[in-house]
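Proteins come first, then strands; the chains are lettered A, B, ... in the order of their sequence lines, and each starts at number 1.
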Amino acid sequence: MLVATVSLPVPLRRGFDYRVAADLAARLRRGCRVRVPFGGRSLVGIVVQAPREAPGAVAELRDIEALLDEEPLIPAELLGLCEWAADYYLHPLGEVLGAAMPGGLRRGEPARVARAECYALTAAGRAALDTLADSRRAQRSLLQALVAGPRARAALDASAAVLRRALDAGWIEPSVAAPSLPRVVAPTPTPEQAAALAQLATDDAGFAVHLLEGVTGSGKTELYLRRIEAALASGRQALLLAPEISLTPQLEARLRERFGDGVHRYHSTLTDKARAQVWLAARDGSARVVIGTRSAVWLPFARLGVIVVDEEHDTSYKQQDGFRYSARDVAILRAKRLDIPVLLGSATPSLESLHNARSGRYRHITLRRRVHAAPPPRVRVLDVRGLPLDHGLSPPLLQAIERHLGDGGQALLFLNRRGYAPVLLCHACGWRAPCTRCDAHLTLHRGRNLLICHHCGAQQPPPRHCPSCGSTGLLAVGAGTERIEQALANRFAQYRVARFDSDRITSHAALERQLADIRAGRAQILVGTQILAKGHDFPGLSLVGIVSADQALYGSDFRAVERMGQLVTQVAGRAGRAGQPGEVWLQTHEPEHPLLQTLARHGYGALCEALLAERRDTGLPPYSHLALLRAESREPTLALRFLQQVRTRVPAGEVTVFEPVPSIMERRGGFARAQLLLQSASRAALHRALAGVVPQIEAWPQARRLRWSVDVDPYDLM
DNA sequence: AGCACGCCGACT
DNA sequence: GTCGGCGTGCTC
């Protein structure tokens, strides 16, 4: 009898064997999708072991219902990568494969490549461009995009409805060929770029990791493009990973002007159908360049020739729930398996990457010069102890803002906290509005007039009286972006304030509108969160204020200072215009803190030196490897007790197994959470320990009474 | 994760 | 007398 092994989208770390009819056996290859009966339902799985003669008694097996692909949908290379990742992250292969496929294909829809649609401008369309009202922005930009010639549907940034309307109006028509020729000639590299290119080219053949460290504006993107160009020239494809492409349209625009319509984007806000088309285009080789977020690292490229990871330090590369992989790390491993180069780019590389560069595992290339030669900003630590704070802003900072605005500059205030105030406090009795499901306070949002929990999303209208003592003296304590925005709007009434946070920026269009206001000088003050640290250029910006640098300094997370250094440096990199150095002010209650001083006086590189020394002394990554076993349950103490039992089963050896502890915020979303930390200088030993204990836990009946998960190389220990 | 099977409370 | 609560057990 013939038997094939199938991987299924269930949280079980093993494959399932099915009986195969003789006539099906030859067509059933590794990587094909099949429909199989499983328990009481029917599931789509991937064949991981082709049919073979079963050795012993196999009476209990069920039959495969249907073969869904004549050609394996998952190419051998991708399947191998998924198997590696399932093993490395101790995650069920079926769920890893699920992460590697867009929804439709995962559910068993046929892998049909839609006819590559192209559109061309008609004479009527050309005429319409002159007469069309400005308000019809979507139509205008569609027609504008076609002026130079026909374009592929995928390259047009137009919704189905917009396209339909233009077709109906007779402005555009389906066309046969789309040009995929570069529209822009590559600029001549600066001497520094040329030197970097020479360095990159020396080991053009085969696997190598290059860490490209360069401040904002130093021309990293041009090096990415050259590297991609080289891959395309040898008939290969290129993958560019970026943290959030909806927030950084410039990068995609640069790719497109250089590589034309062979550029595709892949990210989670595309529809399943659109994702499937890009996925299949990567697979058949017609997508020459893909720019994508985290999940794009799993695309089934036919001939991948290079991977670029932009902003390699960015935390969004690490998936924070379910299958907790790092797209940067998977990219490096994939490149190694394919024997192709990887380029990691950042103005503020992670300590891991710097460490690897230093130890010789990565080649380190540094770009020091800004192409448009604005000198680096000057950073000052502002001691706010004892100063009267106006909604979190000190008089010296307010004066600096006034000065810069008066000189025609723009000011940016950075604060990593949304909302109006993080705490609503009763001045009479000390009651503070709590979240009922988390160990946290509710954040007051004035705009929506709601108290919102930033950890579980719970919301409620703010009370008028204190629920505890009835007093009406409720105070908003602390400052978020809404409050800073309002304080600045009141104080500088003659200027306009633009707020950038996820409450205000809910769409690409909203972001573009506000960015346009800033660039055109219609708004002069920017207030916002992380969003402002991500690659936007503000040519008129002369002052950056970090509202508080303190949180990271007494944070309990070992990466907090590294992250602050990256954030401050990234935000600071936005300052400086027309040859004038920008100014960066850091408000703090701990002005003497050595790490803060190091950052302010000597910059990010020096901060990393200090942090690396600290990590070495404490044996933290990158000088050791970590894994976290997390557990959560509704019953308050169950998770912790469970992990205590797990601990006794971790095989001893070169691995330190800490006492399980309640998570920093123990109660979240109604669950009590706990974690067990494993640490080892040896990656192999850590993996052996996990591989020893995880299957045991899975087979454990009591493990079914709570939620548990493994996090290899955890990003934070929360 | 589903989805079954399996024993105890308020309803047509 | 039944519908259904979700505990626990299994899925080739």
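- A donor and an acceptor atom sit less than 3.5 Å apart, one in the side chain of R704(A) and one in the base of dG2(B).
- Atom C1' of nucleotide dG2(B) and atom CZ of F16(A) are separated by 12 Å, given to the nearest angstrom.
- Residue R641(A) places its CZ atom among more than 12 non-hydrogen atoms of other residues, nucleotides or ligands, all under 6.0 Å distant.
- In this structure, R559(A) satisfies the cation-pi test against Y715(A), with its NZ or CZ atom closer than 6.0 Å to the six-membered ring centre and inside 45 degrees of the ring normal.
- The interatomic distance linking L43(A) (CG) with dA4(B) (P) rounds to 13 Å, in whole Å.
- Note: CD (E60(A)) to C1' (dC10(C)) measures 13 Å, nearest angstrom.
- Distance, E698(A) CD to dT11(C) P: 14 Å, rounded to whole Å.
- The side chain of R62(A) has dC12(C) as its nearest neighbour among dC3(B), dC12(C), dT8(C).
- Whole-Å rounding puts the L8(A) CG to dC3(B) C1' distance at 15 Å.
- Tested against Y325(A) for a ring pair (Phe, Tyr, Trp, His ring centres under 6.0 Å), the candidates Y89(A), Y88(A), W298(A) yield a single pass: W298(A).
- In this entry the distance linking CD of E95(A) with C1' of dA1(B) reads 8 Å, nearest Å.
- If you check every strand for non-hydrogen atoms under 4.0 Å, P9(A) touches nothing.
- Rounded to whole angstrom, the span from the CG atom of L638(A) across to the C1' atom of dG7(C) amounts to 14 Å.
- Judged by the 6.0 Å distance and 45° axis criteria, R634(A) is positioned over the aromatic ring of F671(A).
- F38(A) comes within contact range of at least one nucleobase, with a heavy-atom separation under 4.0 Å.
- Protein atom CD of Q702(A) is 15 Å distant from nucleotide atom C1' of dG9(C), rounded to whole Å.
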